[in-house]
Amino acid sequence: MIIMKSDATDAQVAAVVREVEKYGLRADVSRGDFRTVIGLVGDERRIPFDHFAILPGVKEARMVETPYKLISREYAKAAGEPQRRVIKVRGCEIGGDEPVFIAGPCAVESKKQLFTIAEGVKQAGAHMLRGGIFKPRSSVHSFQGLGAGGEDDAREALDWLREAGSRYEMPVVTEVRGEAQMDIIAEYVDIIQIGARNMYDQDLLISAARKKKPILYKRHFGAGIEEFLSFAEYMVAEENKDIILCERGVLPLGKGKSYTRYTLDVAAVPVIQKETYLPVIIDPSHAAGRRDLIFNLSCAGIAAGASGLIVEVHHNPVEALVDSQQQITPDELKDLITACRSIHKALGPRKNGG
Ligand code: PEP
Ligand code: MN
């Protein structure tokens with residue numbers, strides 16, 4: 001990390017960037033209110049920091065020890081940037097003062113189903129609509145999402161999502177399962193979701209980041225927090241800092257019945273907030289895998305300081321084609337949102353580790 005003096009000129013910043021590139025690294029220029037900080041993308045051990053420290057306009061040049069530098073609080077602090085990033089999407093804020101609620105069916109099944117659910121979640125108080133069109137499934141024999149029918153089917157379903165979002169005034173989110181779907185999905189949605197199974201797919205992360213849209217990025221169920229943040233860094237290194245991190249449960253421990261689909265790692269919320277300025281939300285649905293626990297896990301997530309929730313909702317959960325055991329009804333969502341809002345209010349503004 002190279003911290004420029006507050007009166008450093010653009011020419012001096014440009015000269016440092018050129019010097020960084022000479023050593024085979026890329027520069028991430030972060031212009032804060034008080035000064036400019038240059039983050040190094042690549043192997044920092046190749047950089048002679050003593051040499052950089054005496055270049056014109058440079059205040060300080062030092063190594064950042066964490067494997068995720070550009071998303072670290074240390075980096076934001078050095079640039080005098082806010083310690084938490086507020087991501088704005090069509091009038092909604094993620095990471096702002098109020099928790100954000102993202103809701104919708106696991107899979108878009110039909111236009112009617114989507115519009116019924118969109119209306120229900122809007123009335124329940126949700127801010128954003130999520131519906132899966134390309135579903136990651138463990139079995140090839142199960143419903144893969146309408147996108148599996150080919151490009152025309154995918155566009156039709158994406159159109160519904162867009163239309164439902166406009167009708168009920170909610171930004172829309174859907175998952176991109178592979179690079180082949182990136183262009184078409186980015187054409188329609190406000191936020192691109194990268195699912196847990198793809199957390200490690202760095203090529204997918206890079207191409208999603210290059211779409212310059214916010215990304216809802218889920219932690220893999222076997223990934224440590226450091227690993228999760230290190231992979232998030234791939235997107236920020238593409239100059240896209242609008243990354244919403246999502247904790248959705250890790251693999252349960254021990255033998256015998258585990259009772260939940262995954263184990264919600266509630267501590268990940270405050271830990272991530274201490275490490276980075278990116279907002280973190282909770283997915284209680286995939287963590288629990290059963291609808292009777294969604295309310296409790298949602299409350300726990302908000303109490304832990306999460307910036308919001310992503311919850312699977314279906315007007316008729318038992319009939320849902322995917323994840324029928326864990327989807328809740330719009331009425332249940334309404335109760336959950338009311339409870340989460342009171343918890344948030346009761347706990348007051350959190351410093352979020354800052
Ligand atoms: C989903 O959001 O529908 C999903 C499949 O979640 P995850 O990637 O967390 O398993
Ligand atoms: Mn699901």
Side-chain angles (χ1 to χ4, degrees), residues 100-109 113-114 117 121 126 128-140 142-148 157-158 161 172-178 181 185 189 191-201 204-205 208 214-223 225 227-228 231-232 243-252 258 260-266 268-269 272 280-291 293-294 297-298 301 306 308-329 332-333:
V100 69
F101 298 96
I102 307 171
C106 179
V108 174
E109 299 166 8
Q113 174 249 19
L114 179 64
I117 296 169
V121 302
M128 300 193 194
L129 177 65
R130 202 294 301 247
I133 291 169
F134 296 94
K135 294 306 303 174
R137 302 304 307 275
S138 308
S139 168
V140 70
S142 51
F143 179 58
Q144 309 287 305
L146 293 175
L158 284 161
L161 191 61
V172 296
V173 189
T174 204
E175 176 171 352
V176 59
R177 206 183 46 206
Q181 304 138 13
I185 284 179
V189 299
I191 300 179
I192 300 169
Q193 177 177 332
I194 294 186
R197 285 153 197 81
N198 283 319
M199 188 204 95
Y200 294 103
D201 187 342
L204 187 69
L205 303 188
I215 297 170
L216 196 168
Y217 181 51
K218 294 182 119 186
R219 177 183 178 186
H220 185 271
F221 34 80
I225 292 174
E227 238 181 331
F228 182 33
F231 276 88
I243 312 297
I244 305 149
L245 302 169
C246 178
E247 158 59 32
R248 46 78 74 213
V250 292
L251 288 170
S258 64
T260 55
R261 191 170 171 186
Y262 294 95
T263 302
L264 182 66
D265 182 5
V266 193
V269 174
I272 289 172
V280 50
I281 65 168
I282 286 284
D283 171 353
S285 307
H286 292 87
R290 44 189 274 195
R291 72 176 61 82
L293 302 183
I294 306 300
L297 295 193
S298 298
L309 302 175
I310 176 164
V311 185
E312 289 195 337
V313 178
H314 200 286
H315 60 296
N316 186 5
V318 286
E319 296 285 313
L321 295 181
V322 188
D323 285 348
S324 63
Q325 320 86 311
Q326 70 197 31
Q327 306 208 53
I328 59 169
T329 62
E332 288 168 323
L333 179 71

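The structure displayed is predicted, hence computed values, not measured ones. Atoms within each ligand, like the ligands themselves, are counted from 1 in listed order. What you see below is based on every heavy atom in this structure, not just the backbone, and it leaves out hydrogens, waters and symmetry mates. Here, residue 1 is the first one in the sequence, and each next residue gets the next number.
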For this session: Could you please spell out the steps behind the side-chain contact (heavy atoms from CB on, under 4.5 Å) verdict for Gln327 and Cys106?
Result: CA-CA 8 Å; Gln327 306 208 53; Cys106 179; 3.7 Å; yes
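- By the criterion of a separation under 2.8 Å, the protein N/O/S atoms near the Mn ion (ligand 2) amount to Cys106 SG, His286 NE2, Glu312 OE2, Asp323 OD2.
- Within the 4.5 Å cutoff, the side chain of Phe228 has no heavy atoms near those of the Glu247 side chain.
- Contact of the Ile117 side chain with the His314 side chain is registered, since non-hydrogen atoms from C-beta on lie closer than 4.5 Å.
- For Arg197, the side chain to side chain donor-acceptor pair (under 3.5 Å) criterion is met by no residue, not counting sequence neighbours.
- Side chains of Leu333 and Phe101 form no contact here, defined as non-hydrogen atoms less than 4.5 Å apart.
- When side chains are defined from C-beta on, Asp323 does not count as touching Ser285, because their heavy atoms never get closer than 4.5 Å.
- Using a 4.5 Å cut-off on side-chain heavy atoms (C-beta onward), Glu312 and Arg291 make no contact.
- With respect to Ile191, the side chain to side chain contact (heavy atoms under 4.5 Å, CB included) criterion is satisfied by exactly one of Ile215, Thr174, Val173: Val173.
- By the side chain to side chain contact (heavy atoms under 4.5 Å, CB included) test, Ser142 is found to be paired with Arg137, Ser139, Gln144, residues two or more places apart in sequence or in another chain being considered.
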Name each N or O atom in ligand 1 that is under 3.5 Å from a protein N or O, and give the partner atom and the distance.
| residue | atom | partner | partner atom | Å |
| --- | --- | --- | --- | --- |
| ligand 1 | 2 (O) | Arg130 | NH1 | 2.8 |
| ligand 1 | 2 (O) | Gln193 | NE2 | 3.0 |
| ligand 1 | 2 (O) | Lys218 | NZ | 2.9 |
| ligand 1 | 3 (O) | Arg130 | NH1 | 3.3 |
| ligand 1 | 3 (O) | Arg130 | NH2 | 3.4 |
| ligand 1 | 3 (O) | Lys135 | NZ | 2.8 |
| ligand 1 | 3 (O) | His286 | NE2 | 3.3 |
| ligand 1 | 3 (O) | Glu312 | OE2 | 3.4 |
| ligand 1 | 6 (O) | Lys218 | NZ | 2.9 |
| ligand 1 | 8 (O) | Ala196 | N | 2.8 |
| ligand 1 | 9 (O) | Lys218 | NZ | 2.8 |
| ligand 1 | 9 (O) | Arg248 | NE | 2.6 |
| ligand 1 | 9 (O) | Arg248 | NH2 | 3.4 |
| ligand 1 | 10 (O) | Arg197 | NH1 | 2.8 |
| ligand 1 | 10 (O) | Arg248 | NH2 | 2.8 |

